[in-house]
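Reviewing the structure listed below.
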Amino acid sequence: MSVQLPPYRPIKHRSGLKVMGAAFHALLMRELQTRFGGYRLGYLWAPIEVMTQVVILLVLFGAFRERLVTGMDFSLFLVVGMVPFRMFQRISIRSLGAASANQGLLMYRSIKHIDVIIARSFLELVIYFSTSIILIFSLIFFDIYPSLLNLHIIIFCWLSMFVFSFGVALITMVIGFYGGEVSKMISVIFTIIYFTSGILYPIHIIPEPYFSYLLYNPFIHNIELMRHAFSPSYPSSHIDIWYFLKWMFVVNFIGLLLYKYAERDMIRSR
């Protein structure tokens, strides 16, 4: 009696790019569910959060806001500064627990820890860039018209801030994995960076020698260039975007170096 075997079907091997794409999609869907799945307002939380902060600051500084900022509306000044920095802050801080937050998916060999950082960072970029667009159109509704002639500079500033954030995220992931007291200091460090990056005030009103000291903060040059792009009358003589880009490359180099060093330990902890 002969046994009929099923027809032979060769195993299809997926390319590395397809595997990476599938891993990215799975991680992105998980991040979306984790971030917004439990809230009714969902994706609106990010623009509402930033808009609330802007309104509060406008109320607090409304009486003398015109004397604070020259060359652009104070509302636009706050939006352009706060939204990209919030993206940087969210990407960096949320990466502290990236090594442990997705242990279920990290059981698959095709998914690496750096894939988690890529997915989380990309999601924050989409959220906060969309938030920026929503807020800019909201300002237009109130007769505040930003210039879009330098749109290429604005996009460049956003992308370079994103790349910078990715490098810092790799560093904070390694810090969060090894733990210790250093990880508890991250929020304090970011608070200091926030108040020294010219988010709430134009740095050109700061007297010397403090003005020169502030220029050592790389975020100032990115944010101030974006403000100048939205409002060409905003002062720009102090901006050195190459200084920011040098920091960006150094931070990403250190981040990748630390990730490579810690990758074996993180794989063993799965």
Side-chain angles (χ1 to χ4, degrees), residues 50 53-54 57-58 60-92 125 128-129 131-133 135-136 139 144-168 171 188-254:
V50 178
Q53 294 181 25
V54 171
L57 290 170
L58 286 175
L60 292 175
F61 299 107
F64 51 95
R65 61 186 183 182
E66 292 182 0
R67 286 178 288 174
L68 272 177
V69 181
T70 56
M72 70 187 307
D73 186 87
F74 188 60
S75 305
L76 179 62
F77 174 88
L78 289 176
V79 169
V80 175
M82 291 178 65
V83 181
F85 189 87
R86 288 285 295 176
M87 177 194 71
F88 159 74
Q89 196 172 30
R90 290 288 299 183
I91 289 175
S92 304
L125 172 64
Y128 282 98
F129 187 74
T131 298
S132 179
I133 295 174
L135 293 176
I136 291 298
L139 292 176
I144 301 170
Y145 299 97
S147 173
L148 298 179
L149 296 176
N150 297 311
L151 189 60
H152 60 291
I153 297 177
I154 297 166
I155 294 174
F156 170 78
C157 289
W158 267 96
L159 291 177
S160 58
M161 180 70 84
F162 169 72
V163 175
F164 195 112
S165 306
F166 177 76
V168 176
I171 297 173
V188 177
I189 293 171
F190 281 113
T191 301
I192 295 172
I193 295 174
Y194 178 80
F195 285 108
T196 58
S197 296
I199 308 297
L200 305 178
Y201 57 89
I203 67 161
H204 55 265
I205 68 171
I206 305 298
E208 291 286 3
Y210 308 105
F211 174 75
S212 298
Y213 295 152
L214 284 175
L215 291 180
Y216 284 109
N217 184 334
F219 298 103
I220 284 177
H221 301 276
N222 182 290
I223 293 170
E224 292 283 279
L225 179 60
M226 200 182 307
R227 284 168 173 162
H228 177 69
F230 272 114
S231 182
S233 58
Y234 184 78
S236 62
S237 59
H238 56 282
I239 299 172
D240 184 5
I241 193 61
W242 286 107
Y243 178 74
F244 176 84
L245 295 177
K246 290 174 185 176
W247 266 92
M248 183 189 76
F249 285 116
V250 170
V251 165
N252 275 269
F253 177 76
I254 294 173

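Since the model is a prediction, treat every value here as computed from it, not as a measurement.
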Find the distance between OG (S197) and CD1 (I223) and round it off to the nearest 0.5 Å.
5.5 Å

Determine whether a donor-acceptor pair (N or O, by modelled atom type, separation under 3.5 Å) exists between the side chain of H221 and the backbone of I241.
no

Dump the intermediate steps for side chain to side chain contact (heavy atoms under 4.5 Å, CB included) on L225 and S236, then the final yes or no.
CA-CA 7 Å; L225 179 60; S236 62; over 6 Å; no

Specify the closest pair of heavy atoms between P232 and N150, including all atoms of both residues, with the distance to one decimal.
CG-ND2, 4.3 Å

For a 4.5 angstrom cut-off between non-hydrogen side-chain atoms, does P146 reach I136?
yes

Got a second to check how far T191's OG1 is from Q89's CD, nearest 0.5 Å?
7.0 Å

I203 and L215, any side-chain heavy atoms less than 4.5 Å apart
yes

Do T196 side-chain atoms and I193 backbone N/O form a donor-acceptor pair below 3.5 Å?
yes

Looking only at heavy atoms, which two atoms of V79 and P84 are closest? And how far apart?
O-CD, 4.0 Å

If we only count heavy atoms from C-beta on, is the L151 to I155 side-chain gap below 4.5 Å?
yes

Heavy-atom nearest pair, G198 first then I220, reads N-CG1, 4.3 Å

Side-chain touch M72/S233, heavy atoms, less than 4.5 angstrom:
no

Listed partners of S237 passing side-chain hydrogen bond (donor to acceptor under 3.5 Å, both in side chains), at least two apart
none

Intermediate values then yes/no, side chain to side chain contact (heavy atoms under 4.5 Å, CB included), Y243 and Y216:
CA-CA 9 Å; Y243 178 74; Y216 284 109; 4.0 Å; yes

Sequence-distant partners of F166, ring-ring contact (aromatic ring centres under 6.0 Å, His included), two or more places apart:
none

Side chain to side chain contact (heavy atoms under 4.5 Å, CB included) evaluation trace for I206 with Y201:
CA-CA 9 Å; I206 305 298; Y201 57 89; 4.1 Å; yes

Side-chain heavy-atom pair M87, S165 within 4.5 angstrom cut-off:
yes

Supply the atom-to-atom distance F219 CZ to L214 CG, rounded to the nearest 0.5 angstrom.
14.0 Å

Check whether more than 12 heavy atoms from other residues, nucleotides or ligands sit under 6.0 Å from atom OH of Y210, and answer yes or no.
no

In short, I154 meets S147 closest at the heavy-atom pair CD1-O, 4.4 Å

At what distance, to the nearest 0.5 angstrom, does CD of E208 lie from OH of Y213?
9.0 Å

Minimal heavy-atom distance between G81 and I199, with the atoms involved, is O-CD1, 3.5 Å

Working to the nearest 0.5 angstrom, can you tell me the gap between S231 OG and I144 CD1?
11.5 Å

Should F190 and S92 count as side-chain neighbours, where that means a heavy-atom distance under 4.5 Å?
yes

Closest non-hydrogen contact found for L139 with S75 is CD2-CB, 3.7 Å

Just verifying a value: how many Å separate W158 CH2 and S132 OG, rounded to the nearest 0.5 Å?
5.0 Å

Under a 4.5 Å cut-off applied to non-hydrogen side-chain atoms, are V163 and N252 in contact?
yes

Row check, F77 ring normal vs R227 NZ/CZ: under 6.0 Å, within 45°:
yes

Between Y194 and L200 (side chain of the first, backbone of the second, donor and acceptor by atom type, cut-off under 3.5 Å), is there such a pair?
no

How about F244 and P218: do any of their side-chain heavy atoms sit closer than 4.5 Å?
yes

